[in-house]
Amino acid sequence: MRALEQIFHFLFDMYGGQGWWPVTPVCGCRGETPAEPIYGMANITEKQRLEIIAGAVLTQNTAWKNAEKAIIELNRRGWIDVKKLRSVPEKELGQAILSSGYYNQKAKKLKAIADFLTQHSIQNLRKMPLQEARSLLLGVKGVGKETADSILLYALDKPIFVIDAYTRRIFSRLGLINAKADYDAVQKFFMDNLPHDVFMFKDYHALIVQHAKKYYQGKSPGKECPLVKKFAA
DNA sequence: AACCAGGACGTGA
DNA sequence: TCACGTCATGGT
């Protein structure tokens, strides 16, 4: 099964490297605030890792643009900080992230994660074996499989493949997975057929989102998708 | 003006 | 296990 690797290269040639996770310029922490999202992120800061974790929650079933506004507001208030997230009243936190939708639930989730990070620091989580960190994350209320895996991959640099609704749409359309397959089965399929490379995993998922936004929204998903004629079974 | 966005969780069958 | 309701703002 080389299809998955071939599709990655096809998408990479088509769109180029995506440089996910998109860290906001205001969380730059590199002296100057860059005008555009930072690509590569080999030496990301602790604060940026926390911003990614918060972003993973804020973008749940929400357009990234709306989540991003909330992230910028959190930065503006100086709340991309574990202690701040814990100490600020939940109601105020909700107001700060209003634009991301589900703001009451997400305020609770951010607090739950902040509490969790007090017990298990980002540094410790990074040193931890993948599965151990994963099960700990899944124990946090509001953190499901996709969010946990997004955090593991993009904030903690762990080699795990993120599955989302877009992944299902594209690859079931190609006939490579069953549309009703559960999260773990789809993830296993990708991880069994790809080298476990963190940078590739990051860009692959980002490319899937980019591609899906172009060809898999609206009525008749996948209509003009160039992957279909080349890779559909 | 419906419809949907880079989901997760609680509930009842 | 599985289907379904709930949470909610902002763009098309």
Side-chain angles (χ1 to χ4, degrees), chain A residues 8 11 15 17-24 37 41 49 51-74 90-116 134-156 158 160-173 177-187 190 200-223 225:
Chain A
F8 171 73
L11 292 174
Y15 302 106
Q18 299 298 298
W20 270 30
W21 192 281
V23 177
T24 64
M41 304 193 290
R49 294 185 193 281
E51 193 196 74
I52 291 170
I53 293 171
V57 168
L58 293 173
T59 195
Q60 286 174 358
N61 198 42
T62 299
W64 173 251
K65 200 64 186 173
N66 291 348
E68 189 180 44
K69 287 180 187 172
I71 295 167
I72 290 170
E73 179 60 21
L74 288 177
E90 190 173 304
K91 198 162 186 178
E92 282 185 44
L93 184 54
Q95 291 304 307
I97 61 173
L98 201 72
S99 66
S100 72
Y102 308 113
Y103 54 88
N104 287 317
Q105 290 200 27
K106 285 175 179 175
K108 282 190 176 64
K109 294 180 182 185
L110 289 180
K111 280 191 161 295
I113 286 181
D115 289 342
F116 169 76
R134 188 172 197 262
S135 57
L136 284 174
L137 281 167
L138 288 174
V140 180
K141 186 155 298 182
V143 178
K145 287 172 181 174
E146 182 183 340
T147 303
D149 290 341
S150 294
I151 291 170
L152 288 165
L153 178 61
Y154 293 105
L156 304 177
K158 299 291 186 184
I160 193 159
F161 202 91
V162 178
I163 306 301
D164 67 345
Y166 286 150
T167 310
R168 284 204 171 73
R169 273 185 229 170
I170 294 177
F171 289 88
S172 64
R173 176 65 185 81
I177 65 170
N178 191 316
K180 64 177 178 59
D182 64 21
Y183 188 97
D184 296 323
V186 178
Q187 184 176 56
F190 277 85
M200 188 270 289
F201 279 177
K202 286 182 179 179
D203 256 355
Y204 207 156
H205 179 246
L207 286 164
I208 286 170
V209 173
Q210 173 65 34
H211 187 70
K213 282 179 176 173
K214 233 181 188 62
Y215 295 103
Y216 287 80
Q217 56 187 7
K219 54 178 69 174
S220 72
K223 187 101 188 302
C225 174

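The chains referred to below are lettered A, B, ... by the order of the sequence lines, with proteins before strands, and numbering in each begins at 1.
The nearest whole Å value for the distance from the CG atom in A/L58 to the P atom in C/dC7 is 19 Å. If you measure from atom CG of A/N104 to atom C1' of C/dT6, you get 12 Å, rounded to the nearest angstrom. Atom pair A/Y102:OH and C/dG10:P shows a separation of 14 Å (rounding to whole Å applied). We find that CG of A/L98 is positioned 16 Å from P of C/dC7, with the value rounded to whole Å. Taking atom CG of residue A/D182 and atom P of nucleotide C/dC2, one finds them 8 Å apart after rounding to whole Å.
Heavy atoms of A/V162 sit nowhere under 4.0 angstrom from any nucleic acid atom. Within the 4.0 angstrom heavy-atom criterion, no nucleotide atom of any strand lies near A/S100. Nucleic acid contact for A/K106: none, since no nucleic acid atom lies under 4.0 Å from a heavy atom of the residue. Counting any heavy atom pair closer than 4.0 Å across all strands shown, A/R168 reaches no nucleic acid atom. Residue A/E146 is in sugar-phosphate contact alone, with no base atom involved, counting any heavy-atom pair closer than 4.0 Å across all strands shown. Backbone-only contact: A/Y103 has heavy atoms under 4.0 Å from sugar-phosphate atoms and none from a base. Contacts of A/K65 with the nucleic acid, taken as non-hydrogen atoms under 4.0 Å apart, are absent.
Annotation: C/dG5 and B/dG6 have their P atoms spaced 23 Å apart (nearest Å). Taking atom P on both C/dG10 and B/dA8, the two are 22 Å apart, rounded to the nearest angstrom. Nucleotides B/dC4 and C/dC4, compared at atom P, are 16 Å apart to the nearest Å.
Of the listed residues (A/I208, A/V186, A/I163), just one forms a side-chain contact (heavy atoms from CB on, under 4.5 Å) with A/F171, and that residue is A/I208. Applying the ring-ring contact (aromatic ring centres under 6.0 Å, His included) test between A/Y204 and each of A/W20, A/F161, A/Y15 identifies A/F161 as the sole match.
The heavy-atom pair separating A/I97 from A/A70 by the smallest distance is CA-CB, 3.8 Å. Closest of all the heavy-atom pairs between A/G55 and A/I71 is CA-CD1, 3.7 Å.
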If you apply the rule side chain to side chain donor-acceptor pair (under 3.5 Å), what do you find for A/K106 with A/T62, and how did you get there? CA-CA 11 Å; A/K106 285 175 179 175; A/T62 299; 2.9 Å; yes
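Not counting sequence neighbours, A/E92 has no partner by the salt bridge (charged side-chain N to carboxylate O under 4.0 Å, His left out) test.
Nucleotides of DNA chain B lying under 4.0 Å from heavy atoms of chain A occupy a range whose first and last members, 5' to 3', are B/dA5 to B/dG10.
A/K109 and A/Q60 share a donor-acceptor pair across their side chains, judged by distance under 3.5 Å alone.
Nearest-nucleotide assignment on DNA chain B puts the 5′-proximal partner with A/Y216, out of A/T147 and A/Y216.
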